[in-house]
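Data block below; observations after.
All values below were derived from every heavy atom in this structure, side-chain atoms included, with hydrogens, water molecules and symmetry-related copies excluded.
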Amino acid sequence: SLYRYIERKDDLLLLMADAAMEATPPGPREDGDWRAGVEEWCQEVVALYRAHPWMVRLPVSGPPSGPNGIRWTEAGLREISAPGLGRLESLQMLLVLNTVLRETLRMEVEMSQAAERRGTPLGEGENAWAQGLLGVLDPAESPTVTGVLDRIGTEGQELDVRYDPDRAGGPAEGLGFGIDRILDGIEAHARRRTRT
């Protein structure tokens, strides 16, 4: 009976996604710190995906077109364009950030579900995976992979909890590092542009 009101399944999914984005995106920062503004936007997007994990599996048919999606796009573009990116550059970088966030959360959802089916915490599954690979890989053939796997958990890095406050292990554990590097690139690009 839904299809008496909505012609296609794709339209229904778009409406569902827009309804799930009803939470208010972060407002403009009074201190003008665009990096903090972008990071806050990213953290809120992660929270949105965690609240509605089905969203990370929706097919992408185009940019947001509903009122809630537009509000989130506006909030993200407002912050990411602040250092002086052009209009198309701002859109491209917002797309990159959203893709990183969405795909990281998609992996987290799928890995968490697999860990739940196995009856083990997510972090334990990752450690077992690393140890299992180390047991079968030849370091002569895969020196980089085995070198990285052999050092997991031994480098003394502190857990980055900005994007993964309640979880041990999982793809989002290192998300802050990745977002920081993207923002470093934007900042460097904007500095080069102002010099020329």
Pairwise side chain to side chain donor-acceptor pair (under 3.5 Å) hits with a residue in residues 83-103, at least two apart: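 Non-adjacent pairs meeting side chain to side chain donor-acceptor pair (under 3.5 Å): Tyr49-Asn98, Glu89-His189, Glu89-Arg193, Glu103-Arg106.
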I'd like to check the salt bridge (Lys or Arg N to Asp or Glu O under 4.0 Å) partners of [X]; sequence neighbours left out, ordered by chain and number.
X      : value
Glu74  : none
Arg117 : none
Glu39  : Arg162

Kindly list each side-chain donor-acceptor pair under 3.5 angstrom involving residues 13-22, sequence neighbours excluded, with atom names and distances?
from	atom 1	to	atom 2	distance (Å)
Asp18	OD1	Asn68	N	3.2
Asp18	OD1	Gly69	N	2.7
Asp18	OD2	Asn68	N	3.3

Is there a side-chain contact between [X] and [Y] (heavy atoms, below 4.5 Å)?
X      : Y      : value
Thr104 : Tyr163 : no
Val109 : Trp54  : no
Leu175 : Leu101 : yes

Show me, pair by pair, the donor-acceptor contacts under 3.5 angstrom made by side chains of residues 132-146, not counting sequence neighbours?
from	atom 1	to	atom 2	distance (Å)
Asp138	OD1	Ala140	N	2.9
Thr146	OG1	Ser142	O	2.8
Thr146	OG1	Pro143	O	3.3

Okay, side chain of Trp72, backbone of Ala23: is any donor-acceptor separation there less than 3.5 Å? yes
Please name the pair of heavy atoms, one in Thr73 and one in Pro64, separated by the smallest distance, quoted to 0.1 Å.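 Heavy-atom minimum between the residues: OG1-CG, 3.6 Å.
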Looking at every non-hydrogen atom in both residues, tell me the closest pair between Pro25 and Arg71 and how far apart they are.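 Closest heavy-atom pair between Pro25 and Arg71: CD-NH1, 3.1 Å.
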Would you compute the distance between atom [atom1] of [X] and atom [atom2] of [Y] and round it to the nearest 0.5 angstrom?
X      : Y      : atom1 : atom2 : result
Ile70  : Ser65  : CD1   : OG    : 6.5 Å
Leu48  : Gln43  : CG    : CD    : 13.5 Å
Arg192 : Glu187 : CZ    : CD    : 11.5 Å

Hydrophobic cluster membership, Val56 vs Val96, 4.5 Å side-chain cutoff: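 Yes, one cluster joins them.
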Check the surroundings of atom CD in Gln113: do more than 12 heavy atoms from other residues, nucleotides or ligands lie under 6.0 Å from it? yes
Give every donor-acceptor pair under 3.5 Å between a side-chain atom in residues 75-83 and any protein atom, sequence neighbours left out.
from	atom 1	to	atom 2	distance (Å)
Arg78	NH2	Pro26	O	2.9
Arg78	NH2	Gly27	O	3.2
Ser81	OG	Leu77	O	2.7

Tell me, please, which residues at least two apart from Asp184 pass side chain to side chain donor-acceptor pair (under 3.5 Å).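 Asp184 satisfies side chain to side chain donor-acceptor pair (under 3.5 Å) with Arg35, Arg181 only.
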